[in-house]
Structures are given as C-alpha cells and as structure tokens.
Amino acid sequence: MAALDIGIDLGTTTVIISMNNEIVLSEPSVVAIKSGTEEVLSVGQDAYVMLGRTPSTIKAIKPLSDGVISDYKLTEHMIKYFMRKVYGNSVIKPRVAICVPSVITNVESNAVVDAATQSGARRVYLIKEPVAAAIGAGIDISKPNGVMIIDIGGGTTDISVISLNGIVTETSIKTAGNKFDSSIIKYMKSEYNLVVGEKMAEMVKREIGNVYVEHENRQIDIKGRNLITGLPQKITICTDELYDVLKEPAEVIAHAVHGVLERTPPELVGDIYTNGAILTGGGALIGGLDRLISERTKIHTTIAEDPINCVALGTGKCFEFLDSLVDGFITPSTHQY
C-alpha cells in the first residue's frame with residue numbers, strides 16, 4: 001500500500017483510520033458546535049467528553065446515524081479533520097477507501113464520496129463493510145468457499161456470505177450496538193425512574209452485559225438523575241437483571257443471520273457449516289452473543305481476533321484488491337478521480 005493510501009471505517013460511534021496496515025487513528029464520531037452560529041469547536045475525543053455535559057451555548061452532535069450521514073456539513077468537517085490529523089499538510093493528496101453498510105442507497109453513497117472528496121481525497125472508493133471485515137480478518141475471499149461475516153457496528157449490523165471475491169447473499173439491519181445502549185436507557189427509566197446517559201449505558205453493556213442464558217452474574221453501579229426527585233441517584237444492577245433487556249435486540253440479529261442463511265445456496269451453506277461464521281465490529285464483544293447466534297443457527301460462530309479494528313484494517317488493505325473484487329465496491333460510478 002502506498003504511503004498515502006488511507007482506509008476509513010466511518011462508523012456511527014467511532015471513526016477508525018488505517019494506513020500501511022496499522023491503525024493510526026481511533027476517535028469518537030462526535031462534533032461539538034456553538035449553538036446559533038454552528039461554529040465547530042472540537043472534533044472526536046475532545047467533543048466526546050462534552051456529551052451530556054455541555055451548556056446551552058454548545059451542542060455535541062453525532063453526524064452519522066445508523067451507518068449513514070445525517071448531517072453532511074459536520075461529517076465533511078469531521079472527515080477533513082481526521083484526514084489532516086493523519087497525513088498532515090502533505091502536498092500529495094491521499095487515495096481514500098471508506099467502508100459503508102452493505103445495503104446503501106446511491107444518494108447515501110454519493111454523500112459519503114462527496115464528503116471525502118471535499119475533505120481533500122485524490123480518489124475515493126467505497127467498500128462494503130462485510131468485505132472489508134473479511135479482508136481485515138485475514139480471510140482469503142478469492143476461493144470458491146463460502147464465508148459468513150457478521151459485522152456489528154454502532155448503527156448497523158451487516159451480514160454477508162462471501163465467495164469468489166463477491167457477495168452472494170447479504171442484509172443490513174439497524175439493530176446494532178447503539179440499540180443495546182438505548183434498551184438499557186429505556187429500562188432504567190421505566191423500572192427505576194432513573195435517567196442515564198449514553199456513555200453510562202455503553203459502559204454497563206460492556207462491563208456486565210450478556211445475552212446467553214449461561215453467564216456469570218456480575219454487578220455494577222449506575223449513576224443518573226431520578227425523574228421524580230430530580231436528584232442524583234446511584235443504583236446497583238446485575239447481569240441477570242439486564243439479560244431479558246439485552247436479549248431482545250440480540251435475537252433480532254440472530255434472526256437476521258438465520259434469514260441470510262435461508263437465502264444462501266445449499267453448497268455455500270455447507271461451506272459455512274464447516275467454516276463457521278465470524279463476528280466483527282465492536283458489537284461482537286457483547287457477552288454471549290457469539291454463543292446465542294451459534295445456538296439459534298447451528299453454525300459455529302467465533303469472534304475475529306481484532307473485531308473492533310477488523311473493518312478499518314480491511315478497508316486499508318482493499319487497495320491491493322482493486323482489480324479482483326467482484327462487487328465489494330459499490331459501483332464504478334462511486335469512484336472519484
């Protein structure tokens with residue numbers, strides 16, 4: 001890969017950038033702006049720490065929603081900021097590959113390409129997340145051998161069966177990591193009249209969340225604001241209590257995996273039964289999710305070696321496969337020169 005070939009995992013929750021087969025940046029997909037003037041104050045980690053803590057004059061915004069751009073201007077500013085942070089003021093503009101959900105509209109594709117082009121990219125390529133994840137996991141997708149990738153990001157879960165450098169069957173659902181967080185927030189509000197923030201919910205999910213019936217029962221303290229008294233409150237909850245809360249979105253993902261298998265040619269299903277399915281993305285680390293999917297689909301499911309960075313690493317490596325990928329890239333029309 002050339003020195004200025006950059007792979008970007010433009011996630012709903014986190015932006016991860018790879019270069020020369022290494023992760024060079026990983027920061028939250030958050031932009032802080034000044035209310036009224038829309039002046040950008042900070043981007044990434046500096047903006048993330050402001051979530052839930054800003055005065056009325058400042059807004060901390062996530063410009064991507066469910067894997068696609070919801071605020072074009074702020075996304076463009078965010079990409080430009082991260083790209084300049086990575087390659088500095090080099091006079092040579094980089095080639096940029098960006099991963100996107102496997103099911104994306106032309107309008108959404110063009111928005112991503114335009115944002116990267118306006119940010120200073122020399123050429124822009126869009127690659128589907130499951131293909132990037134497979135490459136990042138070190139899988140040889142050129143063989144006539146079915147591989148199932150389940151990429152669980154913050155906003156979307158992308159499920160694909162890949163063979164001979166192409167996607168055979170795929171689906172993308174908007175049940176992913178953020179859905180687990182919102183389920184925790186909703187439960188705490190309805191059960192305890194306790195309002196908790198996104199960061200607290202994410203920590204709870206990461207520390208004690210588990211969606212498989214056999215699990216270790218751990219505890220954690222949750223802090224928030226009581227809706228009735230308006231005062232701060234701390235409550236201790238355990239894994240058992242959140243089991244049903246988190247299992248619901250997990251079952252949606254398992255059902256989507258089952259649906260993809262039903263539409264996959266029998267020969268490839270046989271390959272997948274032998275090879276198993278691979279979980280990638282931050283959502284792959286939700287406790288017991290791999291075991292739940294294995295139980296529901298009868299397909300052995302494992303977690304990739306580096307699930308969080310898999311997609312970004314694969315996106316960076318995709319320049320090596322520009323001539324061989326059948327349909328990992330969206331369409332030739334999305335290549336900007």
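We're numbering straight along the sequence, starting at 1.
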Check against side chain to side chain contact (heavy atoms under 4.5 Å, CB included), H258 and L261: CA-CA 5 Å; H258 189 277; L261 286 170; 5.5 Å; no
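- A cation-pi arrangement, defined by a distance under 6.0 Å to the six-membered ring centre and an angle within 45 degrees of its axis, is present between K199 and Y48.
- Between D158 and S172, the side chains place a donor N or O and an acceptor N or O closer than 3.5 Å (distance only, hydrogens not considered).
- Proximity of K128 to I167: side-chain heavy atoms (C-beta onward) are separated by under 4.5 Å at one or more points.
- Residue I16 forms a side-chain contact (heavy atoms from CB on, under 4.5 Å) with just one option from V311, V24, I308, and that option is I308.
- With hydrogens and angles left out, the side-chain atoms of E295 and Y212 include a donor and acceptor closer than 3.5 Å.
- Using a 4.5 Å heavy-atom cutoff, the side chains of I6 and I17 are in contact.
- Defined by atom type and a distance below 3.5 Å, a donor-acceptor pair is present between the side-chain atoms of H215 and D240.
- Clustering ILVMFWY residues whenever any of their side-chain heavy atoms sit less than 4.5 angstrom apart, transitively, puts V112 in the very cluster that holds V86.
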Trace of the salt bridge (charged side-chain N to carboxylate O under 4.0 Å, His left out) decision for K62 with E198: CA-CA 12 Å; K62 293 183 176 181; E198 294 177 13; 2.9 Å; yes
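- By the 4.5 Å heavy-atom criterion applied to side chains, K179 and K174 are not counted as neighbours.
- Note: K85 NZ to L25 CG = 5.5 Å, rounded to the nearest 0.5 Å.
- The closest donor-acceptor contact from the side chain of T157 to the backbone of G153 lies at 3.5 Å or more, if one exists at all.
- A heavy-atom distance below 4.5 Å is found between the side chains of L227 and K189.
- Across all non-hydrogen atoms, the minimal contact from A201 to I184 is O-CD1, 3.6 Å.
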Verdict with reasoning, N210 to T239, per side-chain hydrogen bond (donor to acceptor under 3.5 Å, both in side chains): CA-CA 7 Å; N210 202 295; T239 304; over 6 Å; no
Residue pair F180, V211: steps toward the side chain to side chain contact (heavy atoms under 4.5 Å, CB included) verdict: CA-CA 11 Å; F180 290 89; V211 297; 4.2 Å; yes
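- Under a cut-off of 6.0 angstrom, the local environment of OH in Y273 is sparse, with at most 12 non-hydrogen atoms contributed by other residues, nucleotides or ligands.
- S119 contributes a side-chain N or O that, together with a main-chain N or O of E76, makes up a donor-acceptor pair within less than 3.5 Å.
- Other residues, nucleotides and ligands contribute only 12 or fewer heavy atoms inside 6.0 Å of the CD atom of E248.
- Atom CG of residue N145 and atom CG of residue D271 lie 4.5 Å apart, to the nearest 0.5 angstrom.
- T171 has its side chain within reach of R263: a pair of non-hydrogen atoms, C-beta onward, lies under 4.5 Å apart.
- Side-chain contact between L292 and E251: present, with at least one pair of heavy atoms (C-beta onward) separated by less than 4.5 Å.
- In terms of modelled atom types and a separation under 3.5 Å, the side chain of S294 and the main chain of T301 share a donor-acceptor contact.
- A salt bridge links R291 and E214; the closest N-O separation between the charged side-chain nitrogens and carboxylate oxygens is under 4.0 Å.
- Two different hydrophobic clusters hold I58 and V30 under the rule that ILVMFWY side chains link at heavy-atom gaps under 4.5 Å.
- A single hydrophobic cluster is seen to contain both L285 and L313, as judged by linkage of ILVMFWY side chains at heavy-atom distances under 4.5 Å, directly or through other members.
- L268 is listed as a side-chain neighbour of V168, based on a closest heavy-atom distance under 4.5 Å.
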Test side-chain hydrogen bond (donor to acceptor under 3.5 Å, both in side chains) applied to T280 and D151, step by step: CA-CA 5 Å; T280 64; D151 181 60; 2.7 Å; yes
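- When all heavy atoms of S29 and G11 are compared, the pair lying nearest together is OG-O, 2.7 Å.
- In this structure, a donor-acceptor pair under 3.5 Å is present between the side chains of N178 and T13.
- For the residue pair V260 and T169, the shortest heavy atom distance occurs at O-CG2, 3.7 Å.
- Taken to the nearest 0.5 Å, the NE2 atom of H77 stands 8.5 Å off from the CG atom of L74.
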Stepwise side chain to side chain contact (heavy atoms under 4.5 Å, CB included) test for V96 and I8: CA-CA 7 Å; V96 176; I8 303 178; 3.7 Å; yes
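- Side-chain heavy atoms closer than 4.5 Å link hydrophobic residues (I, L, V, M, F, W, Y) into clusters, and following such links, possibly through other members, connects I220 to Y187.
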Check against side chain to side chain contact (heavy atoms under 4.5 Å, CB included), I272 and V147: CA-CA 6 Å; I272 295 168; V147 177; over 6 Å; no
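- A donor-acceptor contact shorter than 3.5 Å is absent between the side chain of Q233 and the backbone of N226.
- Between M148 and I278, every side-chain heavy-atom pair lies at or beyond the 4.5 Å cut-off.
- Note that CE of M200 is 9.0 Å distant from CG of D221, once rounded to the nearest 0.5 Å.
- Hydrophobic clustering, with ILVMFWY side chains joined whenever heavy atoms are under 4.5 angstrom apart, groups V31 together with Y72.
- Nearest heavy-atom pair, M83 versus A121, reported as atom, atom and distance to 0.1 Å: CE-N, 3.9 Å.
- Looking at every heavy atom in both residues, S18 comes nearest to A312 through OG-O, 2.7 Å.
- Distance check, rounded to the nearest 0.5 Å: OG1 of T236 to CD of Q219 gives 6.5 Å.
- Exactly one residue among N275, I149, I162 makes a side-chain contact (heavy atoms from CB on, under 4.5 Å) with I139. That residue is I149.
- Although no hydrogens or angles enter the test, the distance criterion places no donor-acceptor pair under 3.5 Å between the side chain of D46 and the main chain of S42.
- The main-chain N or O of S142 is found under 3.5 Å from a side-chain atom of D140 such that the two form a donor-acceptor pair.
- Here the closest heavy-atom approach between residue T315 and residue G7 is recorded as CG2-CA, 3.8 Å.
- Rounded to the nearest 0.5 Å, atoms CD (E27) and CZ (F82) are 4.5 Å apart.
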